[in-house]
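For the numbers below, each heavy atom of this structure counts, side chains included, while hydrogens, waters and symmetry mates do not. Below, chain A is the first sequence line, B the second, and so on; all start at residue 1.
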There are 2 protein chains.
Amino acid sequence: MVTIYDIAAKAGVSAMTVSRVINNTGKISEKTRAKVKRVMEEMNYVPNQTARSLVLQQTKLLFLLITDITNPFYTTLARGAEDAAKKHGYRLLFGNSDESLEKEADYVTTILTTRVDGVLLAPAGDPSLPHLESLRKHNVPFVLLDREVPGMDCDIVLGDSKEGAKRLVEHLAEKGHRQIALVNGSSSISSARLRLQGYKEGLKLNELPFREEFVFETSFGQLGDLSDMTAWLERLDPMPTAILTGNNVLAVEAMRLLRAKGLRVPEDISIVCFDDLGPYSDVDPFLTVAAQQAYQFGYMGMGMLIDRIGERDGSSPWKKVVLPAELLVRRSVKDISSEEG
Amino acid sequence: MVTIYDIAAKAGVSAMTVSRVINNTGKISEKTRAKVKRVMEEMNYVPNQTARSLVLQQTKLLFLLITDITNPFYTTLARGAEDAAKKHGYRLLFGNSDESLEKEADYVTTILTTRVDGVLLAPAGDPSLPHLESLRKHNVPFVLLDREVPGMDCDIVLGDSKEGAKRLVEHLAEKGHRQIALVNGSSSISSARLRLQGYKEGLKLNELPFREEFVFETSFGQLGDLSDMTAWLERLDPMPTAILTGNNVLAVEAMRLLRAKGLRVPEDISIVCFDDLGPYSDVDPFLTVAAQQAYQFGYMGMGMLIDRIGERDGSSPWKKVVLPAELLVRRSVKDISSEEG
DNA sequence: TTGTACGCGTTATCAT
DNA sequence: ATGATAACGCGTACAA
C-alpha cells in the first residue's frame with residue numbers, strides 16, 4: 001500500500017508536508033505543493049481514511065437505519081438523506097431492520113463498533129427504547145424518523161399522521177362512504193397509534209360510529225400470508241365500502257387480498273392509504289393517498305443530525321419537526337353518495 | 001472513550017489479555033476471562049473497529065453500489081447481498097449511482113479511501129471501465145452485477161437477458177401480436193444490447209420483420225419527462241399492439257404514458273417487461289414479465305466476492321454466473337390471435 | 001497463561 | 001514554510 005511516507009520520500013519532503021497538501025492546511029510554497037501533487041498522481045496515492053479516523057476521532061461516516069428497504073417511502077427518504085450527507089462531506093452507511101427488533105439490535109452493535117459519527121433511524125417501535133438508550137450512553141448523536149419512542153427525548157422528524165388519517169376519512173365520507181375499515185400497523189408504533197386516532201376523529205367529525213371490529217392491526221411490513229386479514233374481512237357485517245390502510249405496503253397487501261377475492265378497486269370497494277407509492281403511483285388503480293414528504297424526511301433529518309454533531313458540548317433543545325401530509329386524490333375511491341346507504 | 005487499557009487497568013491485567021478475551025484467541029484462564037468480561041460489561045466497553053482495521057489491514061466492510069435504489073430489482077438484490085454479507089461477518093455499505101457516471105466516480109473515491117475489503121457493483125455502463133480499472137489497480141476485489149463491461153475480465157453475475165427477451169417476444173407472438181415495439185435502456189449497457197438481440201431473435205423466430213423505428217432507446221432509470229417517448233409512439237404507423245420494455249422501471253413509465261393518452265392495458269395495448277416489480281407485481285394491470293432472480297444476484301454475487309477476498313495470492317479463474325429469467329404470465333397481454341391482423 | 005514492545009497510517013503540537 | 005515527535009486504539013511477535 002502506498003502511504004504518506006512513500007510520497008514524502010519520493011518528493012523529498014516530510015510526511016507532514018504531504019499531509020498539509022492533502023488537507024489544504026498550513027502554509028505551503030506553490031513549488032512543493034506542485035511537486036507533492038505530482039508524486040501523488042504518479043504513485044496513485046489514496047489517503048487511508050481508517051488511519052485518519054483513528055487520530056481524528058471521527059469517521060465522517062453516518063448511518064441510516066430504515067425498517068423496510070422495499071418501501072418507496074424509505075427509499076425516497078434514503079435519497080434525501082444521502083444527498084444531504086454528501087453535501088456536508090459525509091459518507092453514508094445503510095441498514096435495513098425489516099421491522100425486526102433483533103435485526104435492529106444487531107445494527108446498533110455495528111453502529112457502536114464502527115464508531116460512526118451519527119445515526120438517522122426509523123425505530124422498529126416503542127420497544128426500541130433500550131437501543132436508543134444504548135446510543136445515548138455511548139454519546140452517538142441520533143435523529144429519529146417517522147416514529148416517536150415514549151421515554152426518549154431527542155431530535156425527530158415526524159409526519160402529521162393524525163391529520164393525514166383524518167383527511168382521508170373525510171374524503172371518503174364526502175364520497176358517501178359510511179362503512180370505513182382501517183388496516184393498520186402495530187399499536188406499539190407511534191405513527192400507527194396516531195393514524196388510528198385520526199381515523200377515529202375523522203369518523204366522529206362525520207358522525208359515523210367507531211366500531212372496534214372494523215380495525216385490523218398487523219405489521220407495517222410485507223405480510224406474506226394474508227389468511228388472518230382475509231378471515232377478518234369475511235367476518236365483517238356489513239362489508240366496508242372503503243378501506244383505509246396505515247401505510248402504502250398495507251395498501252398493496254390489501255389490494256392483493258381483494259384481487260384474490262375477485263373484488264375490483266374502486267368499483268366494488270374503495271381504498272386509500274397513508275404514504276405515496278413512489279414510482280408506482282401511476283399504476284392502476286391509481287391510489288388516492290395522504291402523501292408524506294419522504295425526501296424531506298431524509299433531507300431535513302440528516303441536516304438536523306449534522307447540526308447536532310457540529311455542536312460542541314452545549315446541547316441546544318431537542319428539535320421536533322412535523323411535516324404535513326398532502327391529500328392526493330386519484331381514482332381509487334368510488335363516489336357512492338347518490339346510492340342507497 | 002473507554003479503551004482496552006481502561007479495561008485492563010480496572011481488571012488488573014494487561015491490554016493484551018483483554019484483547020485475547022475479546023477475540024477468543026490464545027489461552028486464558030476462566031477466572032481472568034470472567035473478570036475481564038465483567039469489567040467490560042460494567043464500563044460499557046465497545047471495541048474500536050477503526051483501530052482494529054488499521055492494524056489488521058482489513059475493515060470487514062463491503063460495498064454495494066447499485067444504479068437505482070427505487071428499483072425493486074436492486075432493493076431485492078440488496079437484501080440478498082446483505083444477508084450473505086452478514087452470514088460471513090461483514091458489514092455492508094450501500095451506494096446509489098442513479099445511472100450516473102459522475103456519481104459512480106464519487107463512490108469509487110469513497111470506496112478507495114474507506115479501504116473496504118471488497119465491492120459488489122452494477123456498473124452504469126461500458127464507460128465505467130476506468131472506474132473498474134481504478135479498483136483493480138488498487139487491489140480492491142470486486143464482482144460485477146447484471147452488466148458486463150467490455151475490456152474487463154472479472155467475476156460477474158448476469159441474467160440471461162437475450163433468452164428472457166426472446167421468450168417475451170414469443171409469448172406476445174403466440175397471443176397474436178405482430179406489431180411489437182421495444183422501449184430499451186442505453187446501448188452502452190450490455191444487458192440492453194442483449195435484450196435488443198433477444199428481441200430481434202424472437203421476431204425472426206416468428207417471421208416478423210425487425211423495424212428500426214419500433215425501437216426506442218432511453219435510460220433505464222426514471223425518465224421524468226415523457227415527451228420524447230410520446231413523440232416516438234405517435235410517429236409509429238401502424239401503432240404497435242404490444243410493447244416490450246427493457247426493464248421494470250421503463251414498464252411503469254410506459255404505463256404512465258399510456259394512461260396519459262387514455263389507452264388501457266391490456267384492452268387497448270399489451271405490455272410486458274424484463275424484471276419483476278417486487279411487491280407491486282400484484283397491482284393492476286398485473287404485468288407479465290421475465291422475472292430475474294434478484295435476491296440470488298445479490299446473494300451469489302456476495303458469496304463470490306467473499307470467496308475472492310479469502311483467496312491468498314493465487315487467483316482462481318474468473319467466474320461468470322448466468323441466472324435464467326423466468327416468464328411469469330399474468331394479465332397485461334391481450335389475446336388477439338383471433339382478430340384481424 | 002500472561003505481559004512487553006512495536007507498528008498500522010495519519011495528524012496535532014511544537015520547533016526550527 | 002517545513003520537520004520531528006508523539007499519539008489515536010488495537011493486535012502480532014516474542015518473551016517471560
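- Y90(B) places a side-chain heavy atom less than 4.5 Å from the side chain of I309(B).
- Atom OH of Y5(B) and atom C1' of dC8(D) are 11 Å apart (whole Å).
- Here dT10(C) presents its P atom at 7 Å from CZ of R115(B), a figure rounded to the nearest Å.
- Axis orientation changes by 40° from one end of the helix from dT1(C)-dA16(D) to dT16(C)-dA1(D) to the other, with each end axis drawn from 5 pairs and the value rounded to 10°.
- For the atom pair CZ (F297(A)) and CG (L323(A)), the distance works out to 5.0 Å, reported to the nearest 0.5 Å.
- Of the residues in residues 37-56 of chain B, those with a non-hydrogen atom less than 4.0 angstrom from any atom of DNA chain C are L54(B), V55(B).
- In this structure, the nucleotide among dG3(C), dG11(D), dT5(D) sitting nearest to the side chain of V13(B) is dG3(C).
- DNA chain C is contacted by both Q57(B) and R33(B); R33(B) maps to the nucleotide lying nearer its 5′ end (nearest heavy atom per residue).
- E30(A) meets the salt bridge (charged side-chain N to carboxylate O under 4.0 Å, His left out) test with R33(A); sequence neighbours excluded.
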(request) Decide salt bridge (charged side-chain N to carboxylate O under 4.0 Å, His left out) for R136(A) and E133(A); before the verdict, give the C-alpha distance in whole Å, the side-chain angles of both, and the deciding distance to 0.1 Å. (result) CA-CA 5 Å; R136(A) 179 64 52 81; E133(A) 286 171 338; over 6 Å; no

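- No salt bridge links D307(B) with K319(B); every basic N to acidic carboxylate O contact stays at or beyond 4.0 Å.
- The stretch residues 14-28 of chain B touches DNA chain C through S14(B), M16(B), T17(B), R20(B), K27(B), I28(B), each having a heavy atom under 4.0 angstrom from the strand.
- Contact between the side-chain N/O atoms of T32(A) and the OP1/OP2 oxygens of dT2(D) is found at a separation under 4.0 Å.
- Proximity of S29(B) to the phosphate of dT2(C): a side-chain N or O atom is located under 4.0 Å from OP1 or OP2.
- A salt bridge links R38(A) and E42(A); the closest N-O separation between the charged side-chain nitrogens and carboxylate oxygens is under 4.0 Å.
- Going from atom OG of S190(A) over to atom CG of D146(A) covers 7.5 Å, rounded to the nearest 0.5 Å.
- Counting only N and O atoms by type, the side chains of Q222(A) and T70(A) include a donor and acceptor under 3.5 Å apart.
- Residue pairs meeting the salt bridge (charged side-chain N to carboxylate O under 4.0 Å, His left out) criterion with at least one partner in residues 104-118 of chain A, sequence neighbours excluded, are D106(A)-K86(B).
- Salt bridge present: R308(A) and D155(A) bring a charged side-chain N and a carboxylate O closer than 4.0 Å.
- In this structure, K31(B) places its NZ atom 14 Å from P of dT1(C), rounding to the nearest Å.
- Scanning for salt bridge (charged side-chain N to carboxylate O under 4.0 Å, His left out) contacts around R20(B) gives an empty result, with sequence neighbours left out.
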